[in-house]
**Student:** 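Would you mind keeping the following structure in view while I ask a few things?
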There are 2 protein chains.
Amino acid sequence: MDYDEFLDNFKDILKDNSLKYTKQRELIIETIFNNREHHTPEDIYMLIKESNPNINIGIATVYRTLSFLEESKIVSSISFGADGKKYELMLKEHHDHLVCTECGKIIEFHNETIEKEQELIAKEFNFKMTSHIMQLVGICQECQEKQ
Amino acid sequence: MDYDEFLDNFKDILKDNSLKYTKQRELIIETIFNNREHHTPEDIYMLIKESNPNINIGIATVYRTLSFLEESKIVSSISFGADGKKYELMLKEHHDHLVCTECGKIIEFHNETIEKEQELIAKEFNFKMTSHIMQLVGICQECQEKQ
DNA sequence: ATCGATGCAAAAGTTTTGCATATAC
DNA sequence: GTATATGCAAAACTTTTGCATCGAT
């Protein structure tokens, strides 16, 4: 999906919820779109202030917008260890994460066998699954080499 | 494992780290052993205060002890949504969680197919896996019936 | 007697809220 | 013009830290 298409989609969602399209919301969504890693609210706030020294934005707006974006399934969050919640775009195909405890790096992967098995488990427990979180925690190749 | 065996094990770990066996640590470990759900530090603190109105304990001690217990692999923590970190005993065989977004209930399960698949993924990325987190998020049978 | 543990209170974070003002529609 | 959004500052939480005192070894 390119940015224009993505932005239109975002504007539609705002309209559907009778919310307004503001400069701040645009900057937040643009920052998340252009920085495809996982970011804390603080990260996003700082990135915006750096790139746009002229514009005013408060951390509260970032929190408020991220909550709305998560509810609308535009972003998703994962939390690991002491790092707190990190947000990322949900544009991409569904995937899970490998998290390095040494350097904090997050690697994405997708595995169809596991996905199917998860469906079976949910069914077994009569659980209506809406999403799942899977993180393999360990030490990445690079950090192993350093040790 | 019964409590005496468990407690001996805990005492050994304390000794190995030249740490002391205190009343507070005993109460914390006992509370976690006797309440086999997932608890926040605050939960554990309140449970101890309720059952032992006579004894003095500070929330800082609970935090400090839980950190040590997690490092020592006696407890593990999961975090989901806004509820913050929740701790549970690691006594049991390894398992993963189904989390209900309606009532907060946590159901445990174990699936060997997924476990093996995870090993393969870690190998593929040259990742030295130390643990993993898997939570299937959704609505439990009971809450579905209420709707 | 020694050294680690504790409670308390203060500090450090992080996230949320209230409110007057600004802005999109 | 109206209703929502914003920034700011204060508040509410959660977690950590410093320190004098206490207690286990």
Side-chain angles (χ1 to χ4, degrees), chain A residues 7-8 10-31 38-49 52-72 74-75 77-87, chain B residues 7-8 10-31 38-49 52-72 74-75 77-87:
Chain A
L7 196 61
D8 284 347
F10 175 52
K11 285 179 184 172
D12 286 347
I13 292 172
L14 288 176
K15 232 172 233 159
D16 291 350
N17 292 275
S18 12
L19 298 171
K20 291 167 183 173
Y21 180 66
T22 65
K23 188 67 192 164
Q24 285 80 357
R25 283 179 177 157
E26 186 198 308
L27 283 172
I28 291 167
I29 203 86
E30 188 192 302
T31 301
H38 298 75
H39 295 292
T40 64
E42 183 73 21
D43 286 345
I44 293 165
Y45 174 66
M46 294 309 289
L47 278 169
I48 292 171
K49 294 201 92 163
N52 308 73
N54 47 318
I55 206 181
N56 228 7
I57 188 167
I59 187 90
T61 300
V62 177
Y63 274 100
R64 283 186 282 230
T65 302
L66 284 172
S67 296
F68 165 69
L69 290 175
E70 188 165 22
E71 270 173 42
S72 310
I74 297 176
V75 303
S77 68
I78 69 167
S79 77
F80 172 74
D83 288 352
K85 257 193 188 176
K86 288 186 179 181
Y87 292 83
Chain B
L7 197 60
D8 285 347
F10 175 51
K11 286 179 184 171
D12 286 348
I13 292 172
L14 288 176
K15 232 172 232 159
D16 292 347
N17 293 275
S18 13
L19 298 173
K20 291 167 181 170
Y21 180 65
T22 65
K23 188 69 192 160
Q24 285 80 356
R25 284 179 177 156
E26 186 197 309
L27 283 172
I28 292 166
I29 203 86
E30 187 192 303
T31 301
H38 297 75
H39 295 292
T40 63
E42 182 74 23
D43 285 346
I44 293 165
Y45 175 66
M46 294 309 291
L47 278 168
I48 293 172
K49 294 203 92 163
N52 309 72
N54 47 318
I55 207 181
N56 228 10
I57 188 168
I59 187 89
T61 299
V62 178
Y63 274 98
R64 283 186 282 232
T65 302
L66 284 173
S67 296
F68 165 69
L69 290 175
E70 188 166 21
E71 271 172 43
S72 309
I74 297 176
V75 303
S77 67
I78 68 166
S79 77
F80 172 72
D83 289 354
K85 258 193 186 175
K86 289 185 176 181
Y87 292 83

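Letters A, B, ... mirror the listed sequences (proteins, then strands); counts begin at 1. Computed from a predicted structure; not experimentally measured.
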**Student:** In residues 18-26 of chain B, what residues come within less than 4.0 Å of DNA chain D, judged by heavy atoms?
**Tutor:**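 Under 4.0 Å from DNA chain D: B/Lys20, B/Tyr21.
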**Student:** Using whole Å, what does the distance between atom P of nucleotide D/dA3 and atom CG of A/Asn17 come to?
**Tutor:**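 About 18 Å, once rounded to whole Å.
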**Student:** From CD1 of A/Ile57 over to C1' of D/dA9, roughly how many Å is that when rounded to an integer?
**Tutor:**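 Taking CD1 of A/Ile57 and C1' of D/dA9, I get 17 Å after rounding.
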**Student:** Do A/Leu19 and A/Arg25 come within less than 4.5 Å of each other through their side chains, counting heavy atoms only?
**Tutor:**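 A/Leu19 reaches A/Arg25 side chain to side chain.
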**Student:** Can you find a pair of side-chain heavy atoms, one from A/Ile55 and one from A/Lys23, that are under 4.5 Å apart?
**Tutor:**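 Yes, their side chains come closer than 4.5 Å.
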**Student:** Taking the side chain as C-beta and beyond, is there a heavy-atom pair between B/Phe68 and B/Val75 under 4.5 Å?
**Tutor:**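 Side-chain contact under 4.5 Å: no.
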**Student:** Please check this pair: side chain of A/Thr61 against backbone of A/Ile57, looking for a donor-acceptor N/O pair closer than 3.5 Å.
**Tutor:**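 Here the side-chain-to-backbone pair does not exist.
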**Student:** May I ask you to evaluate whether A/Asn56 reaches the phosphate of C/dA22, defined as a side-chain N or O under 4.0 Å from OP1 or OP2?
**Tutor:**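 Result: no.
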**Student:** C/dT6 C1' sits how many Å from B/Tyr45 OH, rounded?
**Tutor:**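 Those two atoms, OH and C1', are 12 Å apart.
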**Student:** I'd like to know if the side chain of B/Asp16 and the backbone of B/Ile13 have a donor-acceptor N/O pair within less than 3.5 Å.
**Tutor:**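 No: the side chain of B/Asp16 does not pair with the backbone of B/Ile13.
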**Student:** Measure from CG on B/Asp16 to P on C/dG4 and round the result to the nearest Å.
**Tutor:**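 So the two atoms are 16 Å apart, to the nearest Å.
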**Student:** Consider only side-chain N and O atoms of B/Glu70 and B/Ser77, and report whether a donor and an acceptor are under 3.5 Å apart.
**Tutor:**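 Present: a donor and an acceptor within the cut-off.
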**Student:** Measure CG/B/Asn54 against P/C/dG7 and give the value in whole Å, please.
**Tutor:**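 It is 13 Å, rounded to the nearest whole Å.
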**Student:** Please report the distance, rounded to the nearest Å, between CD1 in A/Ile29 and P in D/dA5.
**Tutor:**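 Between P of D/dA5 and CD1 of A/Ile29: 15 Å.
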**Student:** Using atom CD of B/Glu42 as one end and atom C1' of D/dA12 as the other, report the distance to the nearest whole Å.
**Tutor:**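 Rounded to whole Å, this separation is 13 Å.
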**Student:** Is it the case that D/dG7 (base atoms only) and A/Arg64 (side chain only) share a donor and an acceptor within less than 3.5 Å, ignoring hydrogens and angles?
**Tutor:**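 Indeed, a donor on one side and an acceptor on the other fall under 3.5 Å apart.
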**Student:** At 4.0 Å (heavy atoms only), tell me whether A/Ile59 reaches a base, stays on the sugar-phosphate, or touches nothing.
**Tutor:**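 Here A/Ile59 touches no strand at all.
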**Student:** Keeping A/Ser67 on the side-chain end and A/Tyr63 on the backbone end, is there a donor-acceptor pair under 3.5 Å?
**Tutor:**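 Between the backbone of A/Tyr63 and the side chain of A/Ser67 there is a qualifying donor-acceptor contact (under 3.5 Å).
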**Student:** What's the OH-C1' distance between B/Tyr63 and C/dA10, to the nearest Å?
**Tutor:**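 In whole Å, C/dA10 C1' and B/Tyr63 OH are 16 Å from each other.
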